[in-house]
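As a basis for the values below, the full set of heavy atoms in this structure was taken, side chains included, without hydrogen atoms, waters or symmetry mates.
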Amino acid sequence: MKEIAVALGGGGAKGNSHIGVLRRLEAEGYRIAAIAGTSIGGLIAAFYAAGYSPVEIENIFSEVDQSKLYELGLHAQPGLLGLGRVSAWLDEMLGEKTFADTRIPCALTAADLNCNCEVTLSSGRLKDAVLASIAVPGIFPPYKTEGRHLVDGGVLNPVPVSLARSLAPKLPVIAVALSSPLVPTTHHLPMALPSVIPDSFIRRITRLNVAQAMNIFLQSVDMSNQAITELRLKIEPPDVLVRPAVSEIGLLDQVIVADIARLGEKATEAVLPDLERVMQNSKGLFNRLFGRKRK
């Protein structure tokens, strides 16, 4: 059995590519023995650990009305968009399942505004951990629990390699980064408002500078995520890095889930030779350290 641990990075709508990564790894005979995730990666990690297959996750995500998922509710907390509908959806999909109910070890990351520190979420309800890990600051309200104000884990750790490694110390870690490598160039920033924002919200702000400001803020978040990702990957390199070609997708873009998932499969296919070499080296090292001595 070829066992691995997986770290799924954050990146909003780009994260649908994680589905394809998991599906292709399974198709190649790899058993994902532990999984960690940040933001959208945390959402998919929670679904996978809870027992949903990649095919089931793709079907579930495809059925979601993305244009209404982040609408503000009547009693929403401060934030440009809300997570009330997401919370209701998670109630339906995950219910009261906890980390103790998962089929494999699983953990998510968040950032605590009270201590300005990274937080590992590995106990309690999966739903609560997901809501904390996906709460992009400035867009969604912080998730309040036990006196903590938690926001998107990507603020400090966009690809939780070390967390995945802690869940399965003896296994190779396959990390999925949703940002492209940093390059010394300047790109024009388009000013189109992400289409996932509810129509009612767009109508209220389209003629205001807030519309352009929000779009610039989202792209700034994306750029910051890119820089932090590169730093963390240098400090905590995975055994194999998968990089789907999703850099042109915005954090809150409406997408065809199946199309983005295929990008994940394609990126995984490209690193299969590297993964096989890592597995062979890992097996050889394990045999040298723990195998029986020949007489």
Chemist: I'd like to know if the side chain of His18 and the backbone of Ala45 have a donor-acceptor N/O pair within less than 3.5 Å.
Modeler: no
Chemist: Calculate, to the nearest 0.5 Å, the distance between atoms CD and OG belonging to Gln226 and Ser180 respectively.
Modeler: 4.5 Å
Chemist: Would you mind reporting whether Ile19 and Ile44 have side-chain heavy atoms less than 4.5 Å apart?
Modeler: yes
Chemist: Tell me, do Val155 and Val151 make a side-chain contact under 4.5 Å, heavy atoms counted?
Modeler: yes
Chemist: What's the verdict on side chain to side chain contact (heavy atoms under 4.5 Å, CB included) for Ile60 and Met93, showing C-alpha distance, side-chain angles and the deciding distance?
Modeler: CA-CA 9 Å; Ile60 291 169; Met93 295 295 106; 3.6 Å; yes
Chemist: Hydrophobic clustering (ILVMFWY, side-chain heavy atoms < 4.5 Å, transitive) - are Ile35 and Val161 grouped together?
Modeler: no
Chemist: Quick one: does any side-chain atom of Asp253 pair with a main-chain N or O of Val255 as donor and acceptor, under 3.5 Å?
Modeler: no
Chemist: Quick check against the 3.5 Å criterion: does Ser39 have a side-chain atom that pairs as donor or acceptor with the backbone of Gly10?
Modeler: no
Chemist: For residues Leu178 and Ser17, report the shortest heavy-atom separation together with the two atoms involved.
Modeler: CD2-OG, 3.3 Å
Chemist: Let me see the working for Asp65 and Trp89 under side chain to side chain contact (heavy atoms under 4.5 Å, CB included), right down to the final yes or no.
Modeler: CA-CA 11 Å; Asp65 186 345; Trp89 175 63; over 6 Å; no
Chemist: Tell me, do Lys14 and Ile260 make a side-chain contact under 4.5 Å, heavy atoms counted?
Modeler: no
Chemist: Ile4 versus Arg31: any side-chain heavy-atom pair under 4.5 Å?
Modeler: no
Chemist: Checking side-chain polar atoms at under 3.5 Å, does Thr98 have a donor or acceptor matched by the opposite partner on Asp101?
Modeler: yes
Chemist: Between Asp152 (side chain) and Pro137 (backbone), is there a donor-acceptor pair under 3.5 Å?
Modeler: no
Chemist: CE/Met279 to CG/Leu272 distance, rounded to the nearest 0.5 angstrom?
Modeler: 12.0 Å
Chemist: Are Leu8 and Leu94 linked, directly or through intermediate hydrophobic residues, by side-chain heavy-atom contacts shorter than 4.5 Å (ILVMFWY only)?
Modeler: yes
Chemist: Heavy-atom count around Ile235 CD1 within 6.0 Å, excluding the residue itself: above 12?
Modeler: yes
Chemist: Would you call Tyr30 and Ile174 a side-chain contact if the rule is heavy atoms closer than 4.5 Å?
Modeler: no
Chemist: Under 4.0 Å between a side-chain nitrogen and a carboxylate oxygen: does that hold for Glu230 and Lys234?
Modeler: no
Chemist: Ignoring hydrogens, what is the shortest heavy-atom contact between Ala13 and Gly250? Give both atom names and the distance.
Modeler: CB-O, 3.6 Å
Chemist: Looking at residues at least two apart in the chain, or sitting in another chain, which of them share a side-chain hydrogen bond (donor to acceptor under 3.5 Å, both in side chains) with Asn116?
Modeler: none
Chemist: State, with a plain yes or no, whether a side-chain heavy atom of Leu156 is found less than 4.5 Å away from one of Ile228.
Modeler: no
Chemist: Just by modelled atom types, is the Phe99 backbone N or O under 3.5 Å from a matching donor or acceptor in the Thr102 side chain?
Modeler: yes
Chemist: Looking only at non-hydrogen atoms, find the nearest pair between Thr229 and Pro158 and report the distance.
Modeler: OG1-CB, 3.1 Å
Chemist: Assigning hydrophobic clusters by single linkage (Ile, Leu, Val, Met, Phe, Trp, Tyr; side-chain heavy-atom cutoff under 4.5 Å), is Val64 placed with Ile139?
Modeler: yes
Chemist: Using the disulfide (SG to SG under 2.5 Å) rule, collect all pairs that involve residues 110-143, keeping only residues at least two apart or in two chains.
Modeler: Cys115-Cys117
Chemist: Report yes if the side chains of Leu43 and Phe61 come closer than 4.5 Å at any heavy-atom pair, otherwise no.
Modeler: yes
Chemist: Do the side chain of Asn281 and the main chain of Val278 share a donor and acceptor less than 3.5 angstrom apart?
Modeler: no
Chemist: Compare every heavy atom of Val130 with every heavy atom of Ala46, then report the nearest pair and how far apart it is.
Modeler: CB-CG2, 3.7 Å
Chemist: Taking atom CG of Leu90 and atom CD of Glu92, what is their separation to the nearest 0.5 Å?
Modeler: 10.0 Å
Chemist: What I'd like to find out is whether the side chain of Tyr143 reaches to under 4.5 Å of the side chain of Ile134, using heavy atoms alone.
Modeler: no
Chemist: Go through Val159 and Val176 one step at a time and tell me if the side chain to side chain contact (heavy atoms under 4.5 Å, CB included) criterion holds.
Modeler: CA-CA 7 Å; Val159 188; Val176 186; over 6 Å; no
Chemist: Among residues at least two apart in sequence or on other chains, which ones pass side-chain hydrogen bond (donor to acceptor under 3.5 Å, both in side chains) with Ser87?
Modeler: Lys127
Chemist: Step by step, work out the side chain to side chain contact (heavy atoms under 4.5 Å, CB included) result for Phe140 and Val86.
Modeler: CA-CA 11 Å; Phe140 301 115; Val86 177; over 6 Å; no
Chemist: Kindly give the heavy-atom pair with the smallest separation between Leu25 and Thr268, and that separation in Å.
Modeler: CD2-CG2, 3.9 Å
Chemist: Transitively linked via ILVMFWY side-chain contacts under 4.5 Å: Leu163 with Leu241?
Modeler: no
Chemist: Does Lys2 reach the main-chain N or O of Glu28 with its side chain, forming a donor-acceptor pair under 3.5 Å?
Modeler: yes
Chemist: Quick one: pull up CZ in Arg262 and CG in Asn16 and give me the separation to the nearest 0.5 Å.
Modeler: 12.0 Å
Chemist: Output yes when a side-chain donor or acceptor of Ser62 lies under 3.5 Å from a complementary backbone atom of Glu58, and no otherwise.
Modeler: yes
Chemist: Kindly write out the residues that satisfy side-chain hydrogen bond (donor to acceptor under 3.5 Å, both in side chains) with Glu96, not counting sequence neighbours, or none if the list is empty.
Modeler: Arg125
Chemist: Which atoms form the tightest heavy-atom contact between Ile104 and Ala33, and what is the distance?
Modeler: CB-O, 3.5 Å
Chemist: Determine yes or no for a side-chain-to-main-chain donor-acceptor pair under 3.5 angstrom, with Ser53 supplying the side chain and Glu56 the backbone.
Modeler: yes
Chemist: Is Tyr48 linked to Leu167 within one hydrophobic cluster, defined over Ile, Leu, Val, Met, Phe, Trp and Tyr using a side-chain heavy-atom separation of less than 4.5 Å?
Modeler: no
Chemist: In chain order, what residues pass the side-chain hydrogen bond (donor to acceptor under 3.5 Å, both in side chains) check against Glu118, with sequence neighbours excluded?
Modeler: Asn157, Arg232
Chemist: Among Leu150, Leu131, Asp128, which residue meets the side-chain contact (heavy atoms from CB on, under 4.5 Å) test with Thr145?
Modeler: Leu150
Chemist: Name all pairs fulfilling the salt bridge (Lys or Arg N to Asp or Glu O under 4.0 Å) condition that reach into residues 154-166, sequence neighbours left out, sorted by first residue then second.
Modeler: Arg165-Asp239
